[in-house]
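Report on one structure; see the data block that follows.
One-based numbering, in listed order, for ligands and for the atoms of each. What you see is a predicted model; the values in this text were computed from it and never measured.
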Amino acid sequence: MKYKHLNVRPKALEALKHYNLPKGPLGFGKYSTPIMIVCDYADGKWGELKLAPFAFLNLLPTAKVFHYAQEVFEGMKAYMVDGKGPYLFRPDKNFERFNLSCKRMAIPEIPREYFMEAIQAITAYSAEFIPQNTGESLYLRPFTIATEESLGIRPSEKYKFVVVACPSDAYFTKGTVPVMIERQAARAGMGGTGNAKTGGNYAASLISAIEAKERGYLMTLWLDSLEKRYVEELSGMNFFCIINGELWTPALTETILVGITRDSIIHLAKDMGLKVHEERIDITELITSIKNNECTEAFACGTAAIISPIECLGENHGTRYTFRDQGGNISLKLRQRLLDIQEGRYQAPEGWLVKVDLPQI
Ligand SMILES: *Cc1c(COP(=O)(O)O)cnc(C)c1O
């Protein structure tokens, strides 16, 4: 692509020349390529898009983001398996969701061209550091933070849009994941920010993550805040289960994050001939159907892990309801199909894979 707004700083090219990936496991989101995209908003408009060396952000302690959490982010991946690509997976969806989150958090939207150029450029300039084994990828993290230096409680008049890129291993949870049903706390309420991708939702979920860990679980399953009756999602992933061979996931509400993996799985499942239900799922009925062996498997899904099969749902006092099918039969079939599409081995639906052109450095 021709970059219209990008200003490539010579120091960024210099940093790229001298960079080597660390030896040993990359982990997930642990290391960044030596560059980042930065764009400042002031006086009612976005400035130029800079490709700069990866470095500290220069913020005063009074920057609003530190006090009032006015921020949004996205998570997406670029794939370059066996030298094919790099490909971005459904970046339009991330762009749309980014601006929906911005709207909710009173942050100025970023123009489409800026967002697309930013993610394309950081991917293109990071290309030689994209790991190439199946499951590995370059994890992209675009975010916007409120930077105005003032403690007054009102929307900031200054912002920073930043994108960093993290070469990452396959994020594959070993085996299946035990999940704790959260009966007390809530992640999101009606009219709140549950369907915006904003840090505060995660902050609010961490206390439950601690309890889950203490009780021997790895993730939290959130219920609706009003009746504590209907399944919503996990802290950073959407929820699916298989009942009588059919795929079920909670219908979207304003307290559930609109997952792009969720949407893709629904599409692929229908393609593979599975019947899909997007409906309310009552936790008591779900537990009964696990006990009856009608609900045989469940999984969590999101960009990072794609699909993590769930071992059991359980109460914090200890009772566990274990899924019969621990092989994650259908879960793993869906995971493989999605990965085959993302890595360019299986024909992607129209518009799902976007090729990134490499820069002439
Ligand atoms: C990001 C996120 C997801 C998953 O969305 P994907 O687009 O599939 O990565 C699910 N739930 C929450 C709360 C999230 O923040």
Sub-4.0 Å heavy-atom approach of R187 to ligand 1: yes
Point-to-point distance, once rounded to the nearest 0.5 Å, from CZ of R97 to CZ of F73: 8.5 Å
Inter-residue atom distance E278.CD - D263.CG, 0.5 Å rounding: 8.0 Å
R262 N/O under 3.5 Å from ligand 1 N/O: no
Option of least heavy-atom distance to atom 3 (C) of ligand 1 (set: G236, G259, G302, S264): G236
Closest to atom 13 (C) of ligand 1 (judged by heavy-atom distance), picking from S205, S235, G194: S235
Nearest non-hydrogen protein atom, atom 8 (O) of ligand 1: T261 OG1, 2.6 Å
Check: Q70/Y159 side-chain N/O donor and acceptor closer than 3.5 Å: yes
Any R97 heavy atom less than 4.0 Å to ligand 1: yes
Ligand 1 to V258 polar contact by distance, N or O atoms, under 3.5 Å: no
Pair Y217, E211: side-chain N/O donor-acceptor within cut-off below 3.5 Å: no
Please tabulate, for side-chain N and O atoms in residues 37-56, each donor-acceptor pair with protein atoms closer than 3.5 Å (sequence neighbours left out).
from : atom 1 : to   : atom 2 : distance (Å)
D40  : OD1    : K160 : NZ     : 2.9
Y41  : OH     : G44  : O      : 3.4
W46  : NE1    : E109 : O      : 2.9
E48  : OE1    : N7   : ND2    : 3.2
E48  : OE2    : N7   : ND2    : 3.2
E48  : OE2    : R9   : NH2    : 3.1

Audit row: E14, K17, salt bridge (charged side-chain N to carboxylate O under 4.0 Å, His left out) steps and yes/no: CA-CA 5 Å; E14 208 50 39; K17 253 189 238 156; 3.7 Å; yes
Residue, atom name and distance, where the atom is the protein heavy atom closest to atom 9 (O) of ligand 1: T303 OG1, 2.6 Å
Close side-chain approach of M116 and F95, heavy atoms under 4.5 Å: yes
Selected option - heavy-atom contact closest to atom 1 (C) of ligand 1, from E232, M237, K197: K197
Under-4.0 Å heavy-atom contact with ligand 1, by part of L257 that carries it: side chain
For atom 12 (C) of ligand 1, closest protein heavy-atom neighbour: E233 OE1, 3.4 Å
Residue pairs involving residues 285-300 (criterion side-chain hydrogen bond (donor to acceptor under 3.5 Å, both in side chains); sequence neighbours excluded): E297-S331
Polar proximity ligand 1 side, N238 side, N/O cut 3.5 Å exclusive: no
